[in-house]
Amino acid sequence: MLELLKIIHLAALMAGAATGIGNGLLMSRIMASNGPPPDMVRGFMKTMGKSGLIAMVALWLSGIGMAFVAHDGLMLGSMFYLKVAGASLALICVVMNGRLAGAAEAAGVPPPLEKMKHLANLTWIGVITAVVFGVVRFS
Ligand code: HEM
């Protein structure tokens, strides 16, 4: 069971990172072009954003599962709490970015890319923090 959960955990990390890098690069290109993104690109970014959120939820579910299967719960010490703080920051930023994109679409205006890029950078800080403290705590 632990092996299966760990495979899901690492596969979700890979999928989340891939969508994050892809969307980040697209955002930089769109901002450099100084124009609103074409519809196709906007649709692609929306799909990538949703995939990133699914990956983040899979990380949380598999992580909580591993904590209970292999470590008797979530009271796993300060290094683990720092890892969870990073994971929480990443989750909050991904959710906020989804909401910003959704609100812009509903209002029929271009997405606030500057703000979304800042949130994407914060997501990275959270993910790297979760990886570093995950490795420090568990290897
Ligand atoms: C952005 C989110 C996350 C990332 C990037 C991440 C990354 C990682 C990585 C790279 C490992 C492997 C560490 C190693 O074996 O050396 C790991 C293990 C682990 N993670 Fe996460 N994680 C995230 C979220 C979470 C969450 C939210 C929880 C639980 C609340 C969690 C619980 C665990 C546990 C329990 C292990 C150790 C499993 C074991 O080998 O016994 N993770 N994580």
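Side chains are part of it too, since the values below use all heavy atoms of this structure and drop only hydrogens, waters and symmetry mates. Counting starts at 1 for both ligands and their atoms, following the listed order.
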Parallel, tilted or perpendicular: ring planes of Phe80 versus Phe138, cut at 30 and 60 degrees: perpendicular
Per-atom contacts of ligand 1 with Gly134, taking only distances under 4.0 Å to non-hydrogen atoms: 13 (C)
Nearest neighbour in protein (non-hydrogen) for atom 28 (C) of ligand 1: Gly63 CA, 3.6 Å
Closest approach of any protein heavy atom to atom 19 (C) of ligand 1, naming residue and atom: Met66 CE, 3.5 Å
Beyond-backbone contact of His9 with Leu13, side-chain heavy atoms, under 4.5 angstrom: no
Close-contact set for ligand 1 against Ile64 heavy atoms, below 4.0 Å: 29 (C), 30 (C)
Residue Leu13 vicinity, atoms of ligand 1 by number, heavy atom under 4.0 Å: 5 (C)
Side-chain heavy atoms of Val136 within contact of Leu82, under 4.5 Å: no
Residue Phe80 vicinity, atoms of ligand 1 by number, heavy atom under 4.0 Å: 29 (C), 30 (C), 32 (C)
Test item: Met1 and Leu5 side chains (from C-beta on) under 4.5 Å apart, heavy atoms: yes
Same cluster (ILVMFWY, side-chain, under 4.5 Å), Met31 and Phe44: yes
Side chain proximity check, Met45 to Ile30, heavy atoms < 4.5 angstrom: yes
Top protein contact for atom 36 (C) of ligand 1, by heavy-atom distance: Phe138 CE1, 3.4 Å
Beyond-backbone contact of Thr47 with Thr19, side-chain heavy atoms, under 4.5 angstrom: no
Taking atom 7 (C) of ligand 1 as the reference point, the nearest protein heavy atom with its distance: Lys83 NZ, 3.4 Å
Taking atom 15 (O) of ligand 1 as the reference point, the nearest protein heavy atom with its distance: Lys6 NZ, 3.1 Å
Leu89 and Trp124, any side-chain heavy atoms less than 4.5 Å apart: no
pair Arg42-Glu105: side-chain heavy atoms closer than 4.5 Å: no
Within one Ile-Leu-Val-Met-Phe-Trp-Tyr cluster: Val132 and Met79, side-chain cutoff 4.5 Å: yes
Numbering as shown, the atoms of ligand 1 that approach Val131 to under 4.0 Å (heavy-atom distance): 5 (C)
Closest approach of any protein heavy atom to atom 16 (O) of ligand 1, naming residue and atom: Ser139 CB, 3.5 Å
Test item, Arg137 contacting ligand 1 (heavy atom, 4.0 angstrom): no
Nearest neighbour in protein (non-hydrogen) for atom 4 (C) of ligand 1: Ala130 CB, 3.6 Å
Atom 39 (C) of ligand 1: the protein heavy-atom neighbour that sits closest, reported with distance to 0.1 Å: His71 NE2, 3.6 Å
Polar atom proximity, Trp60 to ligand 1 (N or O, under 3.5 Å): no
